Amino acid sequence: MADLISLKEIKRHYDVGGEVVRALDGVDLIINPNEYISIMGPSGSGKSTLMNMIGCLDTPTEGIYEFEGELVHKMDDNQLASIRNRKIGFVFQTFNLLPKATALRNVEVPLIYANMTKNDRIEKAKIALISVGLEERMHHKPNELSGGQRQRVAIARALVNDPSIILADEPTGNLDSKSGVEIMKILDKLHSGGNTIILVTHEEYIADHADRTIHLFDGKIKVDKKVTKKRQVST
Amino acid sequence: MAKQSHLKNTIKESFRMAIESIRQNKLRSILTLLGISIGVFSVIGVMTAIRTLESSVNSQLDIFGTNTFMVQKAPAIQIHGPGNNKIRKRKNILYTHYEELKQRAKLPRQVSVVDGTGERNIQYKDKRLKKTAELSGVDEWGLRSFKTYLADGRNFMEDDIRFYRSVTILGPDLADILFPFEDPIGKVIQIKGLDYTVIGITERKGQAFGQSQDYFVMIPISVYIQRFSNRWTSLGINVEAESTELYEKTMDEVIGLMRVIRKVPPKEENDFEIISNEELMDTFAGFTGGIKLFAGAVSVIALLVAGIGIMNIMLVSVTDRIKEIGVRKAIGATKRDILTQFLMEAIFLSQFGGIVGVILGIAGGNLIALLLKVPAVIPMDWAFYGMAVCSFIGIGFGIYPAYRAANLDPIESLRFE
């Protein structure tokens, strides 16, 4: 099976006041379809930068990034926007929903940028919301939803474009443990449904949901291991 | 899955998002709208008022009869300036000038002579005037020249002029004051202590420029010159052409003859003025032109201020929504998508403000018209310009904030709290 994502010798250096910060300093990583990967590491280890890199929000200073055979490191802003729109679904720690828009509208937004007609958009957005169990709350605004429900809207938004990969950055970080469990349940379900998921976390028990854990340290991958006793959310 | 044209979709969605965002920031949006509205209001309001004034003044300046113009020493409306002294030094127009012109001119249908002054000392028995009335000396053509018609009695006759008869025609307002309960015809009134027999009453004309046009008294020009003229008196000569086609030719003949009669050297300009309805309207248009220019300048400043207001609001809006912009970019918005969204918002704000301004402006202008009791006018062309200017402001002042929004770094924006 072809690689979904291939990072070769990826470096990302920032110039901060004349001093070069090596946020990523030579990362090699191959991600296959339907993998469930967690990225861990202390603050400043480069996990956010790696996440942004994989999510095509950032481009490497050096190195080769291939996403489904497309050369991401050579893309311009518009091409990056397009690949984010079509192939990547983001789930953020702070949900990042549009506060004054309904759940349905929030899920619709990626499809707007994909140039879909209104009827198609609403249809797809509804399917996505149903898949995260929010059919009853579609017309509620984020402030009328609980934290867990908000994150489920965010997951629906990430899913709605049928992306190749879902990037979840501390998806349970702002949630109570019960809601956190619900969210992990949904992510697990998405993985068993064939989705590729990358999870950034610093909680061991969250990372244990994944099949594979990557530890970053000083911009380099220190550990890349299969998870042996995978934690399952009791259903 | 059906795809639609990118541009159409972007604009449609940007428009929808613009409305959403405006609704979500009601107070801020209303204040911005207000700025634009006031700017447009000032343009439209002033233009409506001027238009209205023009149309009413033009109808009121239509004082001469058909194909009639007047020759007199000074212009009808004088603007003080260097030329003023020159006008004062001109020779007066004398009765002999009129007689000679009347004798020699072949084209006019009729040539008549007129002058006027203010006179308060007019009474009938114990009824006196409280306000100075317009006293005119005219001949048998006087009424016709000024489009005045008799309601009762008779006009002056040639003999009234020739034999210096002390007869008078009264305007209806004056007749009302002096003869509240009597038929004025045949009664004798005193003007400056001398007796005049009332021979006619004119039809009511109503007001012009807020003043009655019916508060006057007319006497034969011969009597007028004898009793009311002095060495400063300069007469007016009314000339009526045979037809509209002959109007210009008649005017040329009269100008030529007047130059001969008044011995103006060939290379010098006329030492008299030709006054016509058209000329009066042109002079007035000169005035309103100045006002328009001034109002235009003020409005441009107002709109500029409003534009800066829009820009300010849009910059605040961009800062407020950095996170939102980051999210939108993360889920696939291109620079152009963000640019269009913010630009649409600015345009929508300014357009909506513009519409409100146009409505208020037209309403305000017409309110002035209502207060001045003149027919209202809607300046469609200015409404159009106003809206065009608004789009321009929306784009002009919206482009920088939109550009800033579009070029935000998605990672920085997402991290922004």
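Only this structure's heavy atoms are used, side chains among them; waters, hydrogens and symmetry mates stay out. A quick note: this is a predicted structure, and the numbers were derived from the prediction, not measured.
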With a 4.5 angstrom heavy-atom cut-off, could you sort out which part of [X] is near chain A: side chain, backbone, both or neither?
X        : result
B:Glu412 : neither
B:Arg328 : both
B:Lys323 : side chain

Between [X] and [Y], is there a donor-acceptor pair closer than 3.5 Å when you use the side chain of the first and the backbone of the second?
X        : Y        : value
A:Asn195 : A:His191 : no
B:Ser317 : B:Ile313 : no
A:Gln151 : A:Pro171 : yes

*Heavy-atom pair with the smallest gap, counting every atom of B:Thr319 and B:Phe416*: O-CE2, 4.0 Å
Under 4.5 Å from any heavy atom of chain B - which part of [X]:
X       : value
A:Arg86 : neither
A:Asp58 : both
A:Thr94 : side chain
A:Gln79 : neither
A:Asp77 : side chain
A:Leu57 : both

_For chain B, the option from A:Asn52, A:Ile88, A:Asn119, A:Asn161 that forms the most heavy-atom pairs under 4.5 Å_ =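 Top option by heavy-atom pairs under 4.5 Å: A:Asn52.
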*Decide whether A:Ser164 and A:Glu68 meet the rule of one side-chain donor and one side-chain acceptor closer than 3.5 Å.*
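Their side chains do contain a donor-acceptor pair, which is all the 3.5 Å distance test asks for.
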*asked:* Under a plain distance cut-off of 3.5 Å, with no hydrogens placed, do B:Asp337 and B:Thr334 share a side-chain donor-acceptor pair?
replied: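 Their side chains do contain a donor-acceptor pair, which is all the 3.5 Å distance test asks for.
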*State, with a plain yes or no, whether a side-chain heavy atom of A:Leu190 is found less than 4.5 Å away from one of A:Ile155.*
yes
*Chi angles and distances behind the side chain to side chain donor-acceptor pair (under 3.5 Å) call for A:His202, A:Glu170*: CA-CA 8 Å; A:His202 52 255; A:Glu170 304 268 13; 2.8 Å; yes
*asked:* So which residue, B:Asp409, B:Leu414, B:Ile411, ends up with the most heavy-atom pairs under 4.5 Å with chain A?
replied: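 Looking at each of B:Asp409, B:Leu414, B:Ile411 in turn, B:Ile411 comes out on top.
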